[in-house]
Amino acid sequence: MTDDIWRLAADWFAENARDLPWRRPGTTPWGVLVSEVMSQQTPVKRVAPAWEAWLDRWPTPADLAAEPTGEAIRMWNRLGYPRRALRLHAAAVAIATDHDNQVPTTIAALEALPGIGTYTARAVAAFAHRQRHPVVDTNVRRVVARLAGRPDAGMATTPADLRAAEQLLPPGEEDAAVTSAALMEIGALICTARAPSCAECPLAAVCEWHASGEELPEGPSRKPQKYTGTDRHVRGLIMAVLREADLPVPRVSLDGVWHEAERRERALAGLVADGLVAVEDERYRLP
DNA sequence: AAGCCGTGGAT
DNA sequence: TATCCAAGGCT
């Protein structure tokens with residue numbers, strides 16, 4: 001029974017996969033890596049146009065590595081979490097320098113790159129290099145949990161999650177890679193967090209959660225995060241100013257972003273410490 | 001190992 | 001309007 005779940009997913013995927021730009025034939029491993037980093041906590045819909053512009057400008061890691069980090073941050077624009085742009089730049093430098101400008105093919109080498117963790121390393125290995133690995137993101141965790149009768153997964157990916165996903169994969173590398181993409185797509189389009197469409201789900205017949213009545217969890221599946229008025233908020237406001245600025249700006253130009261000086265100072269100091277902002281004789285700019 | 005790290009759309 | 005959530009990673 002469980003050994004044909006992958007076929008249900010893969011057959012559905014063949015008919016229903018979104019036409020995402022990085023799924024086009026000819027996409028390089030670098031293109032896949034960029035798409036995965038951009039998609040960390042950012043909806044794929046918003047990533048697509050940014051990905052096109054990025055790959056058009058920097059077709060290989062060496063092209064990006066040759067630029068100042070500030071160019072990556074500005075190009076990142078409003079995708080959010082701009083430290084990802086910084087780490088992607090650092091990853092490009094590492095690939096160009098240590099890997100002959102070729103995206104690594106082993107999980108260990110991928111995880112050694114900045115900004116590449118458990119999920120992204122396996123996603124690149126599977127989708128770029130067509131290897132067999134459990135690719136466990138928030139979508140897959142939810143799908144796997146519901147197949148087993150639970151309404152949702154835990155807060156973070158665990159080794160048990162990887163083992164559970166691995167057991168759904170067929171033995172063949174290419175089949176496994178397709179299955180991983182299919183499970184993610186089902187989670188993103190059908191088995192969604194708040195309004196799942198079980199009537200259209202290719203896995204409904206083998207899903208314990210569906211069989212037991214589709215009870216949605218009560219509280220949020222992740223700890224709710226404050227945002228308004230936090231450092232994160234003010235950091236974002238400061239970065240927005242600096243992205244738009246053509247020249248270094250004096251500190252007074254940043255005073256308008258938030259009314260509390262103390263929080264402004266702390267946010268700015270944090271951005272400088274993170275390497276997202278450079279200070280040049282009392283003026284501030286992207287690095 | 002909880003908490004931090006942006007942004008915007010949907011409900 | 002407020003909350004939830006979206007192809008997570010790092011410390």
| task | For A:His133, check ring-ring contact (aromatic ring centres under 6.0 Å, His included) against everything at least two apart and list the hits. | result | none

| task | Report the residue (A:Arg87 or A:Met184) whose heavy-atom-nearest nucleotide on DNA chain C is the more 5′ of the two. | result | A:Met184

| query | salt bridge (Lys or Arg N to Asp or Glu O under 4.0 Å) with A:Glu200: which residues, sequence neighbours excluded? | reply | none

| field | A:Asp63: partners by side chain to side chain donor-acceptor pair (under 3.5 Å), with sequence neighbours left out | value | A:Thr60

| query | Partners of A:Glu166 by salt bridge (Lys or Arg N to Asp or Glu O under 4.0 Å), sequence neighbours excluded? | reply | A:Arg132

| said: Any base atoms under 4.0 Å from A:Leu20, or only sugar-phosphate, or nothing? Heavy atoms, all strands. | reply: base

| message | The criterion is ring-ring contact (aromatic ring centres under 6.0 Å, His included); which residues satisfy it with A:Trp12, sequence neighbours excluded? | response | none

| Mind checking what makes side chain to side chain donor-acceptor pair (under 3.5 Å) contact with A:Arg78, not counting sequence neighbours? | none

| said: Apply the hydrophobic cluster definition, ILVMFWY joined by side-chain contacts under 4.5 Å directly or through others, and give me every member besides A:Tyr81. | reply: none

| task | Name every residue in residues 121-155 of chain A that has at least one heavy atom under 4.0 Å from any atom of DNA chain B, in order of residue number, or write none if there are no such residues. | result | none

| task | Please tell me if the side chains of A:Pro250 and A:Tyr284 come closer than 4.5 Å, counting only heavy atoms from C-beta onward. | result | no

| said: Is the distance between the ring centroids of A:Trp58 and A:Trp30 under 6.0 Å? | reply: no

| request: Quote, to the nearest angstrom, the P distance that separates B:dA10 from C:dA7. | output: 14 Å

| request: Select base, sugar-phosphate, or nothing to describe what A:Thr118 touches, counting heavy atoms under 4.0 Å on all strands. | output: sugar-phosphate

| message | For A:Arg194, give me all partners under salt bridge (Lys or Arg N to Asp or Glu O under 4.0 Å), at least two apart in sequence or on another chain. | response | none

| task | Would you mind classifying the nucleic acid contact of A:Thr120 as base, sugar-phosphate or nothing, using non-hydrogen atoms under 4.0 angstrom? | result | sugar-phosphate

| remark: Contacts of A:Arg142 meeting salt bridge (Lys or Arg N to Asp or Glu O under 4.0 Å) (sequence neighbours excluded), chain-then-number -> none

| query | First contact, last contact: which nucleotides of DNA chain C are these for chain A, 5' to 3', heavy-atom distance under 4.0 Å? | reply | C:dC4 to C:dC10

| query | How do A:Trp22 and A:Ile116 order along DNA chain C: which one's closest nucleotide is nearer the 5' end? | reply | A:Trp22

| message | For a quick check, with a 4.0 angstrom heavy-atom cut-off, what is the B/S/- contact string for nucleotides 6-11 of chain B, read 5' to 3'? | response | BBS-B-

